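First the structure, in the form of structure tokens, and then the observations on it.
The first residue of the sequence shown is numbered 1, and numbering continues consecutively from there. Since the model is a prediction, treat every value here as computed from it, not as a measurement.
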Amino acid sequence: MSGTLYLVPTPIGNLGDISRRCAETLASADFIAAEDTRVSLKLLNHLEIKKPLVSYHEHNKKESGPRILERLLAGENCALVTDAGCPAISDPGEDLVRLCAQAGVPVCAIPGPCAAITALSVSALATGRFAFEGFLPAQKKERRARLDRLKTEERTMIFYEAPHRLRETLGELLEAFGPERPISLCRELTKLHEEILRLTLGEAVARYTENEPRGEYVLVLAGAEQRAEAVSLEHAAAMVRDLTDSGVRTKDAVRQVAEETGVAKNALYAAVVNG
Ligand code: SAM
């Protein structure tokens, strides 16, 4: 029988965020696959866990992935960790999960720290529907094309960004979405210098023209305002009649429907009275 691949999220700053279940999973796995074994060793030392580590990262995944799969198929359990946060989310793991799924190896994801969700929850922007965009493409042309496609996105958008690219990215966001679009810059989450800046894009660009970006950032950008469906005058008049039939005064019904639909009050009134 094959073993299980466990996806183990690790703290994005505060070591206290490692859960008991994550620590137990690391302690009971046969081996740990880590993005950077030196980084993970520090966490394991903190937890007083000694385990064989293998390296699994972006540049060796083609060779390392099948080797890990072979061990899983032979019955060993593997815990996958990255430098910080949730494996497979803008981090190595996606390919290994797919490899395991294709080979029928069970994959168990343990919930835990994720920079995107932590930022979204504290952003004070709409959380009901969101689009995780991760890192924008490195090439300018592709970045522009991606941002162009996002111009009409109504869901809240989440971006990861490195500090040395923050200014450029904010400039491009400003160009694509305009200065009034609200953005929450979530910096150094769970760390000593955690800071949540809830600004407009114009204010964010101005702030980082004067100040050097420092630390790690998640950018949470408000979606485009929902455009009300265009409602015809006839349809709006019918809505008014429904209201008046249920006892609402014509004047009040016209005002209410005009507000809801954006149809001009005078034209609506005339359509109802003459119609
Ligand atoms: N898989 C990780 C996760 O989901 O939490 C993300 C890894 S990705 C390579 C690294 C990016 O996550 C950083 O560039 C930054 O945008 C974001 N990030 C990670 N830790 C953060 C923190 N403490 N505060 C703010 N952003 C953070």
Side-chain angles (χ1 to χ4, degrees), residues 12 85-86 88-91 94 109 111 113-162 165-187 189 194-208 213 216-240 242-243 255-265 267-268:
I12 57 170
C86 192
I89 305 299
S90 288
D91 255 350
E94 182 182 338
C114 174
I117 297 300
T118 309
L120 175 68
S121 59
V122 78
S123 68
L125 295 172
T127 60
R129 295 170 68 230
F130 61 89
F132 175 64
E133 287 294 323
F135 291 98
L136 284 166
Q139 301 301 323
K140 215 176 177 83
K141 208 172 135 202
E142 289 168 33
R143 286 160 78 83
R144 286 263 159 84
R146 173 79 58 87
L147 291 175
D148 263 354
R149 287 202 296 276
L150 288 174
K151 277 183 181 167
T152 54
E153 177 58 69
E154 290 176 356
R155 293 170 296 177
T156 300
M157 290 160 269
I158 307 172
F159 300 93
Y160 283 162
E161 195 48 286
R165 297 184 72 154
L166 186 80
R167 279 179 170 151
E168 192 188 345
T169 298
L170 286 177
E172 289 168 340
L173 292 177
L174 179 81
E175 214 171 280
F177 302 100
E180 301 306 327
R181 182 70 67 91
I183 184 167
S184 295
L185 295 105
C186 305
R187 187 173 84 85
L189 291 164
E194 174 172 307
E195 182 180 42
I196 314 297
L197 296 168
R198 301 181 183 95
L199 306 168
T200 63
L201 272 174
E203 289 165 343
V205 167
R207 183 183 178 97
Y208 284 106
E216 296 195 275
Y217 289 83
V218 179
L219 310 178
V220 187
L221 184 70
E225 290 206 357
Q226 281 185 0
R227 265 186 273 144
E229 290 279 314
V231 172
S232 69
L233 185 60
E234 291 74 28
H235 184 73
M239 288 168 74
V240 171
D242 283 347
L243 286 171
R255 196 185 53 235
Q256 184 183 325
V257 172
E259 272 170 20
E260 277 174 22
T261 60
V263 171
K265 218 161 45 174
L268 185 55

Q. Out of curiosity, L201 CG to L173 CG, how far, rounded to the nearest 0.5 Å?
A. 5.5 Å

Q | Considering all heavy atoms, the nearest R165-A138 contact | A | NH2-O, 3.3 Å

Q: Under the salt bridge (Lys or Arg N to Asp or Glu O under 4.0 Å) rule, collect the residues that match up with E203, sequence neighbours excluded.
A: none

Q. How many angstroms lie between CG in L197 and CZ in R207, if you round to the nearest 0.5 Å?
A. 4.5 Å

Q) Do you know which two heavy atoms are closest between Y160 and C114, and how far apart they sit? A) OH-SG, 4.0 Å

Q.
Would M239 and Q256 count as a side-chain contact (heavy atoms from CB on, under 4.5 Å) here? Give the steps.
A. CA-CA 10 Å; M239 288 168 74; Q256 184 183 325; over 6 Å; no

Q | Under 3.5 Å: donor-acceptor pair, side chain of T127, backbone of S121 | A | no

Which pairs would a plain distance check flag for residues 174-185, meaning a side-chain donor or acceptor within less than 3.5 Å of a matching protein atom at least two apart in sequence or in another chain?
residue	atom	partner	partner atom	Å
R181	NH1	A222	O	2.8
S184	OG	S123	O	2.7

Q.
Under the rule for side-chain contact (heavy atoms from CB on, under 4.5 Å), what residues qualify as partners of R255, not counting sequence neighbours?
A. D252, E259, K265

Q. How many angstroms lie between atom CD of E161 and atom CG of L219, to the nearest 0.5 angstrom?
A. 7.0 Å

(Q) Tell me every residue that passes salt bridge (Lys or Arg N to Asp or Glu O under 4.0 Å) with E133, counting only those two or more places apart in sequence or in another chain. (A) R146

Q) Do the side chains of L136 and L147 get nearer than 4.5 Å, heavy atoms only? A) yes

Q | Listed partners of E216 passing side-chain contact (heavy atoms from CB on, under 4.5 Å), at least two apart | A | E188, K191

(Q) For P213 versus L166, what's the shortest heavy-atom pair and its separation? (A) CB-CD2, 3.7 Å

Q. Considering all heavy atoms of both residues, which atom of V122 and which atom of C186 are nearest to each other, and what is their separation?
A. CG1-SG, 4.1 Å

Q) Is there a side-chain contact between F130 and M157 (heavy atoms, below 4.5 Å)? A) no

Q | side chain to side chain donor-acceptor pair (under 3.5 Å) partners for T118, two or more places apart | A | none

Q: Go through the structure and list residues passing side-chain contact (heavy atoms from CB on, under 4.5 Å) with R187, not counting sequence neighbours.
A: H193, E195, Y208, R214, Y217

(Q) Checking R198 now: which residues fulfil salt bridge (Lys or Arg N to Asp or Glu O under 4.0 Å) with it, not counting sequence neighbours? (A) none

Q: Please name all residues satisfying side chain to side chain donor-acceptor pair (under 3.5 Å) with R167, sequence neighbours left out, ordered by chain then number.
A: none

Q: Using side chain to side chain donor-acceptor pair (under 3.5 Å) as the criterion, list what pairs up with K151, not counting sequence neighbours.
A: D148

Q | Minimum heavy-atom distance between R143 and P137, given as atom pair plus value | A | CG-O, 2.5 Å

Q.
Once side-chain contact (heavy atoms from CB on, under 4.5 Å) is applied, do any residues pair with A267, and if so which ones, sequence neighbours excluded?
A. L233, A264

Q | Under the salt bridge (Lys or Arg N to Asp or Glu O under 4.0 Å) test, residues paired with E194 that sit two or more places apart | A | none

**Q.** Distance-minimising heavy-atom pair for A236 and T261
**A.** CB-OG1, 4.4 Å

Q: Output the distance between atom CG (L125) and atom OG1 (T156), rounded to the nearest 0.5 Å.
A: 5.5 Å

